[in-house]
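Report on the following structure.
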Amino acid sequence: MPKLNRDGVNLYYEIHGSGPAILLSHGFSSTVEMWRGQVAPFSHHHQLILWDMRGHGQTDSPDDPAAYSERATVADMKALLEAARVNCAIVGGLSLGGYMSLAFHLAHPEQVNALLLFDTGPGFKNDEARAVWNKRALETARTFETDGLASIQSRSRETSMSTHRSAAGLARAARGMLTQRDARVIKSLTHIQVPTLIIVGADDTAFLASADYMAAKIPNAQKTVIPHAGHAVNLDQPEVFNQAVTEFLQPLAPMKHASL
């Protein structure tokens, strides 16, 4: 599979199928492997673009901490669409990948045809709540620095199936990409005009309130709660998940998808 060189950082990505493009981003400390159960159903009528974020999987882990940020991740996503010769795409992801999809829409709304938000949140308006989140993110970084990749096995299902090359890269990603700086993304929700699907596992208690909040704030958003599923909703209930996404995508099929 190809790699895209972005200012010296090689990004691993995969392209499956053809048609209107879908760009999916994984959660923190996961990789493209979490989407294997979605490749066949989603690429049947679409061009599915998957990738490993900086510090993850088969993508490089640069030594410079400044190379890891929300801004760099959004720029990586834009570059991947350009590499696939796609101007507009359905953009989505799980957890961190979902947040970065919202950040991408904020930066490049003209390139987003629809949003897919899985077990994710839009960040925080409240400084204290953001500080609590960032404290956990920094603790995660320190765990990777002290315990190495062994700590992957004690995390959630989608991370335990992933293979990484650098614990230091994951630590830098936690410090630079998982932490949050401001409320720009959450304040953008009411301005989203594209079709939006929000999916959350019924057992993913940490993100149920976030799903409710996004559904209330994003105009005409559609929310689906999948029973007997946790944070890795696409892995816990793949058939129900795939059906929900496929049904959402079906009326979007005639949507114009511009190629470069």
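FYI, side chains are in, hydrogens and waters are out, and symmetry mates aren't considered; it's all heavy atoms of this structure.
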Exercise. Just by distance, do the side chain of D147 and the backbone of A150 share a donor-acceptor pair under 3.5 Å?
Worked result: no
Problem set entry | Any donor-acceptor N/O pair, S43 side chain to G17 backbone, under 3.5 Å | no
Problem set entry | S69 side chain to A72 backbone, donor-acceptor under 3.5 Å | yes
Problem set entry | For the student: nearest non-hydrogen atoms of L149 and H164, plus distance | CD1-O, 3.4 Å
Exercise. Heavy-atom count around N220 CG within 6.0 Å, excluding the residue itself: above 12?
Worked result: no
For this session: Give the cluster check for L48 versus L252: same hydrophobic cluster or not, with ILVMFWY residues linked at side-chain heavy-atom distances below 4.5 Å.
Result: yes
For this session: Evaluate side chain to side chain contact (heavy atoms under 4.5 Å, CB included) for R136 paired with N134, printing each intermediate quantity in order.
Result: CA-CA 5 Å; R136 289 197 296 265; N134 287 346; over 6 Å; no
For this session: Please work out which of the three classes, parallel, tilted or perpendicular, describes the rings of H56 and F28, given edges at 30° and 60°.
Result: perpendicular
Problem set entry | Residues, nucleotides or ligands: over 12 heavy atoms within 6.0 Å of E239 CD | no
Problem set entry | Distance (rounded to the nearest 0.5 Å) between L189 CG and Y213 OH | 6.5 Å
Problem set entry | Spatial distance of atom CG (L115) from atom NE2 (H105) [nearest 0.5 Å] | 5.5 Å
Problem set entry | Where at least one partner belongs to residues 44-63, residue pairs that pass salt bridge (Lys or Arg N to Asp or Glu O under 4.0 Å), sequence neighbours excluded | R54-D76, D60-R165, D63-R172
Problem set entry | Contacts of type side-chain contact (heavy atoms from CB on, under 4.5 Å), residue A75, not counting sequence neighbours | R6
Problem set entry | Test side chain to side chain contact (heavy atoms under 4.5 Å, CB included) applied to L197 and L117, step by step | CA-CA 6 Å; L197 175 64; L117 306 174; over 6 Å; no
For this session: Over all heavy atoms of both residues, which pair between W51 and H26 is shortest? Give the atoms and the distance, please.
Result: O-CD2, 3.1 Å
Exercise. Hey, does the side chain of T143 reach the backbone of E139 with a donor-acceptor pair shorter than 3.5 angstrom?
Worked result: yes
For this session: Search all heavy atoms of R175 against all heavy atoms of A141 and return the closest pair with its distance.
Result: CG-CB, 3.6 Å
Exercise. With distance as the sole test, does T196 use its side chain to make a donor-acceptor pair with the main-chain N or O of V194 at under 3.5 Å?
Worked result: yes
Exercise. Salt bridge between E14 and K3, side-chain N to carboxylate O under 4.0 Å?
Worked result: no
Exercise. Is there side-chain contact between P62 and Y68, with at least one heavy-atom pair below 4.5 Å?
Worked result: yes
For this session: May I ask you to check whether over 12 heavy atoms, not counting those of R142, lie within 6.0 Å of atom CZ?
Result: yes
For this session: State which residue, out of D119, V240, D236, fulfils the side chain to side chain contact (heavy atoms under 4.5 Å, CB included) condition with I226.
Result: V240
For this session: Could you give me the CA-CA distance, side-chain angles and deciding distance for I218 and T190, then say whether side chain to side chain contact (heavy atoms under 4.5 Å, CB included) is met?
Result: CA-CA 5 Å; I218 299 174; T190 55; over 6 Å; no
Exercise. Are any side-chain N or O atoms of N242 and backbone N or O atoms of P238, one a donor and one an acceptor, separated by less than 3.5 Å?
Worked result: yes
For this session: Apply side chain to side chain contact (heavy atoms under 4.5 Å, CB included) to L96 and M53, showing your working.
Result: CA-CA 10 Å; L96 177 61; M53 294 185 190; 3.9 Å; yes
For this session: Indicate the atoms forming the closest heavy-atom contact of L106 with P109, along with that distance.
Result: O-CD, 3.8 Å
Exercise. Taking all non-hydrogen atoms of both residues, which atom of A84 and which atom of I49 are closest, and how far apart?
Worked result: CB-CD1, 3.7 Å
Seminar exercise, completed: In terms of heavy-atom contacts, Y99 and V185 come closest through OH-CG2, 3.5 Å
Problem set entry | Min side-chain heavy-atom separation F104-L23 under 4.5 Å | no
Seminar exercise, completed: Distance col, row I199:CD1 vs Q237:CD, nearest 0.5 angstrom, shows 12.0 Å
Exercise. So, does W133 use its side chain to make a donor-acceptor pair with the main chain of G123 at under 3.5 Å?
Worked result: no
Problem set entry | Neighbour count >12 (heavy atoms, 6.0 Å) for atom CD, E110 | yes
Exercise. Rounded to the nearest 0.5 Å, how far does CD of Q58 lie from OH of Y12?
Worked result: 4.5 Å
Problem set entry | Side chains of L50 and V39 in contact at under 4.5 Å (non-hydrogen atoms) | yes
Exercise. Under 3.5 Å, is there a donor-acceptor pair between the H231 and S95 side chains?
Worked result: yes
